[in-house]
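When reading the values below, keep in mind they use all heavy atoms of this one structure, side chains included, and skip hydrogens, waters and symmetry mates. To find a chain, count down the sequence lines: A is the first, B the second, and so on, and within it residues start at 1. Computed from a predicted model, the values in this text were never measured in an experiment.
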Amino acid sequence: MSKPSIPEGTRDFGPEVLAKRNYIFDTIKKVFLKYGFQPIETPTMEKLSTLTGKYGEEGDKLLFKILNNGDFLQKANQDALSEKNSTKLISSICERGLRYDLTVPFARYVVMHRNEITFPFKRYQIQPVWRADRPQKGRYREFYQCDADVVGADSLMHEAELVKIYDTVFSLLNLKVIIKVNNRKVLEGVAEVAGISDQFMDMTIAIDKLDKIGLDGVKKELLDRGISENAFEIIEKVLKSKTLSEISALLENSEIGKKGIEELKKFHTYLDPLGTDNEVQFDITLARGLNYYTGCIFEVAAKDTPMGSIGGGGRYDNLTGVFGLQGVSGVGISFGADRIYDVMETLQLFPESAQKQLQVFLVGLDDATHLFAFQCAAKLREKGIVTDLFPEPAKIKKQMEYANKRNAAYVIVIGEEEMQTGKLSLKNMQNGNQEKLSLEEIINLITHTI
RNA sequence: GAGGAUGUAGCUCAGUAGGUUAGAGCGUCGGUUUGUGGUUCCGAAGGUCGUGGGUUCGAGACCCAUUUUCCUCCCCA
């Protein structure tokens, strides 16, 4: 009998961790709701046909596939089986897979429910996703995404709205971030001007790495990918320009490029009057891998600690198109809750309130006071105060230790004297202060300090 | 998917050139003569040394395989 364990890249969450995780989820949820987004959920597994081909070749490899039930080998592709060709075999033995993100299932949802949905449709979705990636720091095989998307509206108001949501959530979490913004059309314009429209993907992948490998590294990568020196010189000019207007000048001869610049300007006319707590920064090197983005793209990076992106999103014009619904534009953002957690943990940003779940712990010293404490607990709970007590009268020290481990904010000690006078001993576990108050006074105090 | 490092009590780690009953701190549990935790003092429990093979008279230490975690690459939240 071996020790029990869980699959690579997955984790258990204990009460303390979950309290902090929920603090993140609750904050995000609250802001989503405030902006008029409505929650939906989709199944853990989707048909493989829904998922494959949506995330590029690499993405397909990272999909978790679910083996068919029953005698799947009977129905398997016998050629693939004898050739031991796994890729070829998959389609005949797996017809379902675990969801890889929330956007594609959402697109599928929109198409399936198009007649029930009133457009523009604003939905949010907080659910786990799975990727068969090699786990690393900040990278798990099971992790949560918190998505907000708007479909059925072209207005760049929504881009501004979503960036404002990023700003609001991270302000509430007290996490300093940089929100990077770019536009795929601008990047396409660059490729066009450089004469390498057919190698658009190669170009974006390379320039995305600028801050990591430097200009020389980008050059090498571009040349390795078969892009000419001439084309690179144009790209170099673009990379060296810092502002929108500088790039705008370089894209004079590209219709699509100019369109992208226009979109960014429009986005700013919505966002700028609102103002943001965090820096919103135009970043021409921002590319984003998922190849369904077509307009503005966003990425969020934590300021005070190195970590991959903790959020990303953008505009996609054609997403529902692959499921047969044309002409529906969407724009969305995603929060990577697990990475946000890791960053907040290293920066110690979780407030005390996210860790103090138990507000009151009652201590009864003998049978009579324990019974009385149980009745007090009922009254506190009626008032919505999170209350607990020991299952039986026990030594005060033992009960205090337990209350401390449970991280209780207050302890009420009830002995014979307290029960008779009705003045209970209320101890603040934070500073150790203790005073005698009636249960009503205690209820007042606690409901008002929260 | 490619390459590299790693795995010893619940946690963080010691363990000297392979040699008797594998250690520490923290944590856990129990006491400290009975109404106060986080912050006295005393004591106890807890490990077939990731797993499976192999070399050896003998392996936690050496070899092989496998697995976990971490780090590059790829890509991303």
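- In this structure, A/Phe267 has no ring pair (Phe, Tyr, Trp, His ring centres under 6.0 Å) partners at least two apart in sequence or on a different chain.
- The minimum heavy-atom distance linking A/Glu188 with A/Ile256 is given by the pair OE1-CD1, 3.3 Å.
- To the nearest angstrom, P of B/C75 lies 14 Å from CZ of A/Arg339.
- Nucleotides B/U21 and B/G47 place their C1' atoms 14 Å apart, quoted to the nearest Å.
- A search for ring pair (Phe, Tyr, Trp, His ring centres under 6.0 Å) contacts involving A/Phe64 returns nothing, not counting sequence neighbours.
- Comparing the C1' positions of B/U48 and B/A5 gives a spacing of 27 Å, expressed to the nearest Å.
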Can you give each donor-acceptor pair under 3.5 Å made by side-chain atoms of residues 168-179 of chain A, sequence neighbours left out, with the distance rounded to 0.1 Å?
from: A/Thr168; atom 1: OG1; to: A/Lys164; atom 2: O; distance (Å): 2.7
from: A/Ser171; atom 1: OG; to: A/Asp167; atom 2: O; distance (Å): 3.0
from: A/Ser171; atom 1: OG; to: A/Asp277; atom 2: OD2; distance (Å): 2.8

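- Residues passing the side chain to side chain donor-acceptor pair (under 3.5 Å) test with A/Ser334 are A/Asp147, sequence neighbours excluded.
- Put simply, NZ on A/Lys180 is 13 Å from P on B/A77, counting in whole angstrom units.
- Atom P of B/G54 sits at a distance of 15 Å from the matching atom of B/G60, rounded to the whole Å.
- Going from the P atom of B/C73 to that of B/U67 covers 24 Å, rounded to whole Å.
- Residue A/Lys398 places its side chain closer to B/G30 than to any other of B/C74, B/U68, B/G30.
- If you find the closest nucleotide of RNA chain B to A/Glu8 and to A/Gly312, the one lying nearer the 5' end belongs to A/Glu8.
- No close placement of the A/Tyr124 and A/Tyr35 rings is indicated, their centers lying 6.0 Å or farther apart.
- Distance NZ (A/Lys212) to C1' (B/C71): 12 Å, rounded to an integer number of Å.
- Among residues two or more places apart in sequence or in another chain, the ring pair (Phe, Tyr, Trp, His ring centres under 6.0 Å) test is passed with A/Phe323 by none.
- As a whole-Å value, the separation of A/Ile213 CD1 from B/C74 C1' is 13 Å.
- What you find for A/Arg131 and A/Tyr100 is that their closest heavy atoms are NE-O, 3.0 Å.
- A distance of about 41 Å separates the P atoms of B/G1 and B/C57, rounded to the whole Å.
- Ring-base stacking between A/Phe335 and B/A77 is not satisfied when judged by a centre separation under 5.5 Å and a plane angle under 30°.
- Applying the salt bridge (charged side-chain N to carboxylate O under 4.0 Å, His left out) test to pairs two or more places apart or on separate chains, those with a residue in residues 23-50 of chain A are A/Glu46-A/Arg108.
- In this structure, OH of A/Tyr144 is placed 19 Å from C1' of B/C76, rounded to the nearest angstrom.
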Enumerate donor-acceptor pairs with a distance under 3.5 Å from any side-chain N or O in residues 89-98 of chain A to protein atoms, sequence neighbours excluded.
from: A/Ser92; atom 1: OG; to: A/Asn77; atom 2: N; distance (Å): 2.9
from: A/Ser92; atom 1: OG; to: A/Leu89; atom 2: O; distance (Å): 2.8
from: A/Arg96; atom 1: NH2; to: A/Asn69; atom 2: OD1; distance (Å): 3.0

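- Here the P atom of nucleotide B/A77 and the CD atom of A/Glu299 are 7 Å apart, to the nearest Å.
- The distance from atom CZ of A/Phe143 to atom C1' of B/C76 is 7 Å, rounded to the nearest whole Å.
- Contacts of A/Ile205 with the nucleic acid, taken as non-hydrogen atoms under 4.0 Å apart, involve only primed sugar atoms and P, OP1 or OP2.
- Within the nucleic acid shown, A/Ser334 has no heavy atom closer than 4.0 Å to any nucleic acid atom.
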Got a list of side-chain donor-acceptor pairs under 3.5 Å for residues 383-395 of chain A, not counting sequence neighbours?
from: A/Thr387; atom 1: OG1; to: A/Ile385; atom 2: O; distance (Å): 2.9
from: A/Asp388; atom 1: OD2; to: A/Arg406; atom 2: NH1; distance (Å): 3.2
from: A/Asp388; atom 1: OD2; to: A/Arg406; atom 2: NH2; distance (Å): 3.3

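- If A/Glu58 and A/Ala132 are placed on RNA chain B by their nearest nucleotide, the residue sitting closer to the 5' end is A/Ala132.
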Please enumerate all protein N or O atoms sitting under 3.5 Å from an N or O of nucleotides 31-37 of chain B, with distances to 0.1 Å.
from: B/G35; atom 1: O6; to: A/Glu418; atom 2: OE1; distance (Å): 3.4
from: B/G35; atom 1: N1; to: A/Glu418; atom 2: OE1; distance (Å): 3.0
from: B/G35; atom 1: N1; to: A/Glu418; atom 2: OE2; distance (Å): 3.0
from: B/G35; atom 1: N2; to: A/Glu418; atom 2: OE2; distance (Å): 2.7
from: B/U36; atom 1: O2'; to: A/Lys427; atom 2: NZ; distance (Å): 3.3
from: B/U36; atom 1: O2; to: A/Lys427; atom 2: NZ; distance (Å): 3.3
from: B/U36; atom 1: N3; to: A/Gln434; atom 2: OE1; distance (Å): 2.9
from: B/U36; atom 1: N3; to: A/Gln434; atom 2: NE2; distance (Å): 3.2
from: B/U36; atom 1: O4; to: A/Gln434; atom 2: NE2; distance (Å): 2.6
from: B/G37; atom 1: OP1; to: A/Lys397; atom 2: NZ; distance (Å): 3.2
from: B/G37; atom 1: O2'; to: A/Asn404; atom 2: ND2; distance (Å): 3.1
from: B/G37; atom 1: N7; to: A/Lys427; atom 2: NZ; distance (Å): 3.0
from: B/G37; atom 1: N1; to: A/Met429; atom 2: O; distance (Å): 2.9
from: B/G37; atom 1: N2; to: A/Asn404; atom 2: OD1; distance (Å): 2.7
from: B/G37; atom 1: N2; to: A/Met429; atom 2: O; distance (Å): 3.1
from: B/G37; atom 1: N3; to: A/Asn404; atom 2: OD1; distance (Å): 3.1

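- Contacts between residues 133-142 of chain A and RNA chain B, defined by a heavy-atom separation below 4.0 Å, involve A/Asp133, A/Arg134, A/Gln136, A/Lys137, A/Gly138, A/Arg139, A/Tyr140, listed by number.
- Between B/C42 and B/A24, the distance separating the two P atoms is 15 Å to the nearest Å.
- Using a 4.0 Å heavy-atom cutoff across all strands shown, A/Gly9 reaches sugar-phosphate atoms only and no base atom.
- A cation-pi arrangement, defined by a distance under 6.0 Å to the six-membered ring centre and an angle within 45 degrees of its axis, is absent between A/Arg315 and A/Tyr293.
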Show every donor-acceptor pair shorter than 3.5 Å between a side-chain atom in residues 197-206 of chain A and any protein atom, with sequence neighbours excluded, or say none if there are none.
from: A/Gln199; atom 1: NE2; to: A/Arg225; atom 2: O; distance (Å): 3.0
from: A/Asp202; atom 1: OD1; to: A/Arg225; atom 2: NH1; distance (Å): 2.9
from: A/Thr204; atom 1: OG1; to: A/Phe200; atom 2: O; distance (Å): 3.3
from: A/Thr204; atom 1: OG1; to: A/Met201; atom 2: O; distance (Å): 2.9

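- For the C1' atom pair drawn from B/C49 and B/A9, the interatomic distance equals 10 Å after rounding to whole Å.
- For the pair A/Asp202 CG and B/C75 P, the computed distance is 10 Å after rounding to whole Å.
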Fill in the blank from the handout: The dot-bracket string of RNA chain B, counting Watson-Crick and G-U wobble pairs with both distances under 3.5 Å, using [ ] for crossing pairs and | for pairs to another strand, is (((((.(..((((.....[...)))).((((.........)))).....(((((..]....)))))).)))))....
